[in-house]
Structure formats: structure tokens, C-alpha cells
**Q** 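Okay, here's the structure, questions in a sec.
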Amino acid sequence: MKIDTVEAPKTSIQVIERMVALLDALANYTDPVSLKELSKVSGLHPSTAHRILNDMVITRFVDRVEPGTYRLGMRLLELGNVVKSRLSVREAALDYMRSLHKKTQQTINLSVRQGDEIVYIDRAFSERSGMQVVRAIGGRGPLHLTSTGKLFLSVDEPKAIRAYATRTGLAGHNKNSITDLGKLERELSVVRTRGYARDNEELELGVRCMAAGIHDDSGKLIAGLSISAPADRLQEEWLEDLVSTASQISATLGYTGPV
């Protein structure tokens, strides 16, 4: 019985290592690269390299330009842009968030959109803020019930907003929640006009929020900065500070558009 000495059993870790070796090899070339060259540079047997490259072509991590030649795929760019926006905005925002918290003594949230929800990616708060509910970093909230979520919905096309309403059913959390599409559309129109959004105890009773958008160098809305406070403590004068802080973070990210 012949033993295949080329294709030995591999663990998942080995497969990942070989995928990375091929990606690293492709990154060294500006033009499409042949299978023979990739095999040589990565140290992988041609049949192994070919099989892994085929899998990465299917998942768009690699493009097959023509039979036998490959280059890095667009999915890497897409994922890279997602990582860039989420990591860089946290780094750019942290000091500004701390300053805003110091001034207001209330919880300052940094959130991004992920599908039909927002995800809290950073926070500046203290026990003195008096918040009954502080959502953990990594926590989520529906777009239509959160101030930052409304910011993201406000930049969607009307068709996309209706599709969101159909998917989610505009489920509510309490008596203040917006569960009617017409009311949500009117609310989003106000958000577009004012340039900021509010959550008036729609997600949590006793908690109000206001949010302003953070934009990247292309002008895209990539995050929301919000102040959360007990409903009876939220002060309107904080709104100017919030909008100004969000604008400063946007400027740090290269945004030069209108405030």
C-alpha cells in the first residue's frame, strides 16, 4: 500500500499557518503571482498550495486573475477597512471621551453599527454617574431604540429603513419605545435636520441619551458618541459639548466636512 508522503494529515492550526504563508507571499508582489512562484516562496508543495488557494478564492481572500496566477482578494480590503474604522476610532476618541466625562460626570459611550444593532466598543464612566444601567463593552442595542442607532438609521435610504422595520418588527422594550414605522420615519427626519439623536427612555426606563455622529476621512458615519444619564439629570447644555467633541474626533480621523 502506497503511503502519501506529500499530503500528511494536518491539524487546523497547520492549515491556518499555510494560509497565512500564502497570504504573506502574495503580499510581496504587486502583480499576479504564479502557483509555482507561490509554492517556492511559501515552501509549500504545489498541490497543497493549489488546494488552499482554491479555498481562499471561494471565500474571496484571494483572486484568481487567470488560470495559475493569483493576487490578494478584495475581502481582505473590506475586512481591513472594518478593523481600521473600529480600532482607529477608539484610539482617536478615548482622550476626548474622558474629557467629556470629566465635564459632565455622566457615562460617555462609543458605539458602532453591526447589522441591525449597535455595539458598545468603549465607555468612559464612574460610579458617581448614578446610572442604574451601564451596558458592558461589547453589549448591543436595537438601532431604533438607541440614540446612536437612530443616527445610523437616519443615513439609510427609505427602502432600507422599511426593510429594517420588517426584519425586526420594531420590537419595543417599554411604553416609550418607538414601535411604529411612521413615527420612526418622522423621528429620523428630525435627526437628519438637527444632526444629533436622542433616546428618551426608549431602551431603558429612567435613562436618557443623546448622540452625535463620528465620521471618517471619506465622510462616512462610522460611530456614535453618546451621553447616557438618569432621565432627570440629563442637561441640555451638554449637547453642545457632545457635538463639539464628536466633531473633534472626526477631525482627528481626517474628516473635513461640515459640522
**Q** Please check this pair: side chain of Lys150 against backbone of Arg198, looking for a donor-acceptor N/O pair closer than 3.5 Å.
**A**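 Indeed, once roles are kept as given, a pair shorter than 3.5 Å links the two residues.
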**Q** Tell me the closest heavy-atom pair linking Val112 and Ala223, and the distance in Å.
**A**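 Between these two residues, the closest heavy atoms are CG1-CB, 4.0 Å.
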**Q** Sub-3.5 Å donor-acceptor pair from the side chain of Tyr164 to the main-chain atoms of Lys159, do we have one?
**A**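 No.
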**Q** Which atom names give the shortest non-hydrogen contact between Gly115 and Leu143, and what distance separates them?
**A** O-CD1, 3.8 Å
**Q** So how far is it from Phe61 CZ to Leu72 CG, rounded to the nearest 0.5 Å?
**A**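 Going from the CZ atom of Phe61 to the CG atom of Leu72 covers 11.5 Å.
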**Q** I'd like to know if Lys175 and Glu201 make a salt bridge, using a cut-off of under 4.0 Å between side-chain N and carboxylate O.
**A**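 Looking at Glu201 together with Lys175, the answer is no, because their closest N to O distance does not fall below 4.0 Å.
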**Q** Taking all non-hydrogen atoms of both residues, which atom of Ile161 and which atom of Leu153 are closest, and how far apart?
**A** CD1-O, 3.5 Å
**Q** Is there a donor-acceptor pair under 3.5 Å between the side chain of Ser177 and the backbone N or O of Glu202?
**A** yes
**Q** Answer yes or no: is there an ion pair linking Glu185 with Arg192, defined by an N-O contact shorter than 4.0 Å?
**A**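 The answer is no: the pair does not qualify as a salt bridge.
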**Q** To check you understand the geometry: which heavy-atom pair defines the closest contact between Ser147 and Ala197, and what is its length?
**A**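 Nearest heavy atoms, Ser147 then Ala197: O-CB, 3.2 Å.
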**Q** Please name the pair of heavy atoms, one in Leu151 and one in Val191, separated by the smallest distance, quoted to 0.1 Å.
**A**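 Closest approach of Leu151 to Val191, heavy atoms only: CD2-CG1, 3.9 Å.
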**Q** Transitively linked via ILVMFWY side-chain contacts under 4.5 Å: Met74 with Val57?
**A**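 No, no single cluster joins them.
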**Q** For the residue pair Ser111 / Asn109, report whether a side-chain donor-acceptor contact shorter than 3.5 Å exists.
**A**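 The answer is no; no qualifying pair exists.
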**Q** Using a strict threshold of under 4.0 Å (side-chain N to carboxylate O), is an ion pair present between Arg208 and Asp199?
**A**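 Salt bridge absent between Asp199 and Arg208.
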**Q** Hey, what do you get for CD (Glu117) to CD (Gln114), rounding to the nearest 0.5 Å?
**A** 8.0 Å
**Q** Among Ile, Leu, Val, Met, Phe, Trp and Tyr joined by side-chain contacts under 4.5 Å, find the other residues sharing a cluster with Leu94 and list them by chain and number.
**A** none
**Q** Taking the side chain as every heavy atom from C-beta outward, state whether Ser244 and Tyr96 have any atom pair closer than 4.5 Å.
**A** no
**Q** Would Arg75 and Asp63 pass as an ion pair if we require N to O under 4.0 Å?
**A**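 No, this pair does not count.
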**Q** Look up atom CD in Glu157 and atom CZ in Arg162, then write down how far apart they are to the nearest 0.5 Å.
**A**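 Between atom CD of Glu157 and atom CZ of Arg162 there are 10.0 Å.
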**Q** Donor-acceptor pair, distance only, cut-off 3.5 Å: does the side chain of Thr48 make one with the backbone of Leu44?
**A** no
**Q** Give the table of side-chain donor-acceptor pairs shorter than 3.5 Å for residues 21-36, with sequence neighbours excluded, one pair per line with atom names and distance.
**A**
unit_1: Asn28; atom_1: ND2; unit_2: Asp24; atom_2: O; d: 3.3
unit_1: Tyr29; atom_1: OH; unit_2: Glu37; atom_2: OE2; d: 2.7
unit_1: Ser34; atom_1: OG; unit_2: Glu37; atom_2: N; d: 3.1

**Q** What pairs with Met97 under side-chain contact (heavy atoms from CB on, under 4.5 Å), at least two apart in sequence or on another chain?
**A**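 In terms of side-chain contact (heavy atoms from CB on, under 4.5 Å), with neighbours along the sequence ignored, Met97 is linked to Ala93, Ile108, Leu110, Asp122, Ala124, Leu225.
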**Q** Atom CZ in Arg18, atom CD1 in Ile13: separation rounded to 0.5 Å?
**A** 12.5 Å
**Q** Consider only side-chain heavy atoms of I, L, V, M, F, W and Y, link residues closer than 4.5 Å, and tell whether Leu79 and Met56 are in one cluster.
**A** yes
**Q** Measuring from atom NZ of Lys183 to atom CD of Glu187, what distance do you get when rounded to the nearest 0.5 angstrom?
**A**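 Those atoms lie 8.0 Å apart.
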**Q** In the single-linkage hydrophobic clustering (I, L, V, M, F, W, Y; side-chain heavy atoms under 4.5 Å), do Val15 and Val62 co-cluster?
**A** yes
**Q** Which atom pair, heavy atoms only, marks the closest approach of Met210 to Trp238?
**A**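 For Met210 versus Trp238, the nearest heavy atoms are SD-C, 4.3 Å.
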**Q** Any chance CD of Glu237 has more than 12 other-residue heavy atoms, nucleotides or ligands included, within less than 6.0 Å?
**A**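 Atom CD in Glu237 is packed in, count exceeds 12.
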**Q** Supply the atom-to-atom distance Thr252 OG1 to Ile214 CD1, rounded to the nearest 0.5 angstrom.
**A**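 If I round to the nearest 0.5 Å, the distance is 9.5 Å.
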**Q** Contact between Leu203 and Pro142 at the side-chain level, heavy atoms closer than 4.5 Å - yes or no?
**A** yes
**Q** Could you check whether any side-chain N or O of His50 sits under 3.5 Å from a backbone N or O of His45, counting only pairs where one atom can act as donor and the other as acceptor?
**A** no
**Q** Looking only at atom types and distance, does a side-chain atom of Thr245 sit under 3.5 Å from a main-chain N or O of Asp241, one as donor and one as acceptor?
**A**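 Checking the backbone N and O of Asp241 against the side chain of Thr245, a donor-acceptor pair under 3.5 Å is found.
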